[in-house]
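Here's the structure we're looking at; comments come further down.
Keep in mind it's a predicted model, so treat the numbers as computed, not measured.
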Protein chains: 2
Amino acid sequence: MFTLAEENYLKAIYHLEFKFQGEVSTNAIAEKLEAKASSVTDMVQKLAEKSLVSYTKYKGTHLTPEGRKIAAKVVRKHRLWEVFLVDKLDFQWDEVHEIAEQLEHIKSDELIVRLDKFLGSPKFDPHGDPIPDQQGNIKNTKKRLLAEVENKQRGICVGVKESSADYLRYLDKKKIGIGSEITVVSKEYFDGSMIIEVGPKQFSISKKIAENLYVQVN
Amino acid sequence: MFTLAEENYLKAIYHLEFKFQGEVSTNAIAEKLEAKASSVTDMVQKLAEKSLVSYTKYKGTHLTPEGRKIAAKVVRKHRLWEVFLVDKLDFQWDEVHEIAEQLEHIKSDELIVRLDKFLGSPKFDPHGDPIPDQQGNIKNTKKRLLAEVENKQRGICVGVKESSADYLRYLDKKKIGIGSEITVVSKEYFDGSMIIEVGPKQFSISKKIAENLYVQVN
DNA sequence: CCTAATTTTTAGTCTAGTCTAAAAATAGTA
DNA sequence: TACTATTTTTAGACTAGACTAAAAATTAGG
Ligand SMILES: [Mn+2]
Ligand SMILES: [Mn+2]
Ligand SMILES: [Mn+2]
Ligand SMILES: [Mn+2]
């Protein structure tokens with residue numbers, strides 16, 4: 001069994017490895033966990049001792065297969081609980097992350113199995129992020145950022161890059177959610193803003209918004 | 001906010017106060033939490049500092065209204081989660097306690113409100129124990145031990161005193177659960193055993209079994 | 001290629017929560 | 001009451017996990 005702190009470190013490294021596609025720096029972990037670099041050095045050394053990460057001084061850290069398995073399991077639990085909170089308890093998608101941060105550490109394999117079944121074995125969480133299966137494999141979709149979509153093309157919203165409550169609430173206000181059909185009406189190359197069509201409405205969104213929304217375009 | 005350890009101490013004191021109807025000794029807490037008495041002294045002093053318990057050296061500890069409120073909330077969460085696990089995830093009633101020990105520490109008032117609603121605001125957990133309401137009040141029923149029921153009387157099973165997995169599985173095997181109608185057919189005064197009728201069957205149970213089952217007799 | 005800025009690690013300290021061993025207080029009994 | 005057994009508290013030590021400050025290594029720019 002692993003401690004809460006260990007699980008959080010492994011999860012952070014998991015996400016950072018995915019983001020940077022490689023070795024993870026001490027500072028990157030520190031920033032993600034809002035901790036000091038010295039604390040991170042301490043912990044990765046302990047994790048290396050337990051063969052959960054491989055770590056070379058000054059070079060960086062990455063997960064071993066064992067560490068990756070544990071991290072993926074925590075992510076699986078996090079996302080399953082988020083589905084539970086939204087689908088069963090009627091939370092809004094911007095309200096669930098903090099609670100899932102706690103629930104992801106509940107230890108019981110049987111619980112995950114039953115929760116998964118209860119939820120109908122969902123493949124994506126409320127933010128469109130894929131839920132790893134029991135083996136830790138994730139289904140990777142060929143999504144892209146809305147900002148990269150060409151004029152006149154249409155895509156289906158499949159996820160968000162950042163999921164701050166502020167951002168998610170903005171999307172709610174604009175009636176954009178997972179599954180929404182979004183058409184790029186025109187793009188302003190000066191500031192990266194674009195006019196999009198969602199349902200019956202057309203409106204303008206800023207570059208920042210478009211850079212944080214994933215869509216799937218066929 | 002309170003730490004996991006603090007919540008566990010408060011909950012233990014809450015249960016012990018109820019059991020002994022008064023001041024709780026350091027040793028009693030130590031035994032319940034499987035900790036050493038010296039650790040308990042340490043913690044109750046800290047809790048007293050925070051006005052969650054009142055404590056007098058060598059005399060004992062009891063909850064302040066504030067401490068009682070927190071403890072009741074933890075118990076409420078524990079029992080609501082047990083209902084969730086049994087009613088929604090189809091766990092058996094002997095499998096849920098350990099998981100609820102973890103879930104009871106999840107911090108989110110909104111979560112409790114929604115979970116309670118989702119479950120239909122249950123008043124009792126799967127073991128027949130009352131679920132405190134938001135204010136921490138519990139509905140106290142006039143239940144009694146099956147061992148104290150007179151010959152030829154009939155009662156409805158409303159709870160168990162001990163809820164070890166072994167005991168609960170024994171009851172399952174005998175098809176005794178919350179809501180079962182139990183009639184005392186005859187009592188053997190030599191060893192305290194009794195013959196009871198449950199549904200279509202009559203069989204003998206030992207004194208130990210009868211002393212751990214609560215029934216309501218009108 | 002050398003120096004300066006940045007990153008990372010080490011050394012030392014702190015808190016929460018636990019323990020053991022010893023001391024102190026209380027309770028039980030002759 | 002006096003002695004003993006039990007309970008409780010204190011003193012001191014330990015671990016996990018965090019931090020600050022300083023040292024060491026790496027990277028970047030001229
Ligand atoms: Mn999340
Ligand atoms: Mn998510
Ligand atoms: Mn329980
Ligand atoms: Mn219970």
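Between A:Thr3 and B:Gly60, the one whose closest nucleotide on DNA chain D sits nearer the 5' end is B:Gly60.
The outermost nucleotides of DNA chain C lying under 4.0 Å from heavy atoms of chain A, listed 5' to 3', are C:dT7 to C:dT10.
With respect to B:Asp109 and B:Lys73, a salt bridge is recorded, a charged nitrogen being found less than 4.0 Å from a carboxylate O. Salt bridge status for A:Asp133 with A:Arg76: absent, with no side-chain N to carboxylate O gap under 4.0 Å. A salt bridge is absent between A:Glu148 and A:Lys143: the closest approach of a Lys/Arg side-chain nitrogen to an acidic carboxylate oxygen does not fall below 4.0 angstrom.
Here B:Asp191 pairs with nothing under the salt bridge (charged side-chain N to carboxylate O under 4.0 Å, His left out) rule; sequence neighbours left out. Legend: residues meeting side-chain contact (heavy atoms from CB on, under 4.5 Å) with A:Ser38, ordered by chain and number and at least two apart, are A:Lys36. Listed by chain and residue number, nothing satisfies the side chain to side chain donor-acceptor pair (under 3.5 Å) test with A:Lys174 (two or more places apart in sequence, or in another chain). Partners of A:Glu95 under the salt bridge (charged side-chain N to carboxylate O under 4.0 Å, His left out) rule, at least two apart in sequence or in another chain, do not exist in this structure. Every residue two or more places apart in sequence or in another chain that forms a salt bridge (charged side-chain N to carboxylate O under 4.0 Å, His left out) with B:Lys107 is listed here: B:Glu7. Here A:Lys50 pairs with A:Glu6, A:Leu52 under the side-chain contact (heavy atoms from CB on, under 4.5 Å) rule; sequence neighbours left out. The salt bridge (charged side-chain N to carboxylate O under 4.0 Å, His left out) test applied to B:Glu31 returns no partner, not counting sequence neighbours.
Here ring-ring contact (aromatic ring centres under 6.0 Å, His included) pairs that include residues 87-113 of chain B, with residues two or more places apart or in two chains, are B:His78-B:His97.
Within residues 37-49 of chain A, the residues having any heavy atom under 4.0 Å from DNA chain D are, by residue number, A:Ser38, A:Ser39, A:Met43, A:Lys46. Less than 4.0 Å separates DNA chain C from no heavy atom of any residue of residues 17-33 of chain B. Within a heavy-atom distance below 4.0 Å of DNA chain C, no residue of residues 4-15 of chain A is found.
A cation-pi geometry, defined here as NZ or CZ lying under 6.0 Å from the six-membered ring centre and within 45° of its normal, holds between A:Lys88 and A:Phe118.
For the residue pair A:Ser163/A:His127, the side-chain donor-acceptor check at 3.5 Å is not satisfied.
Note: NZ (B:Lys36) to P (D:dT15) measures 18 Å, nearest angstrom.
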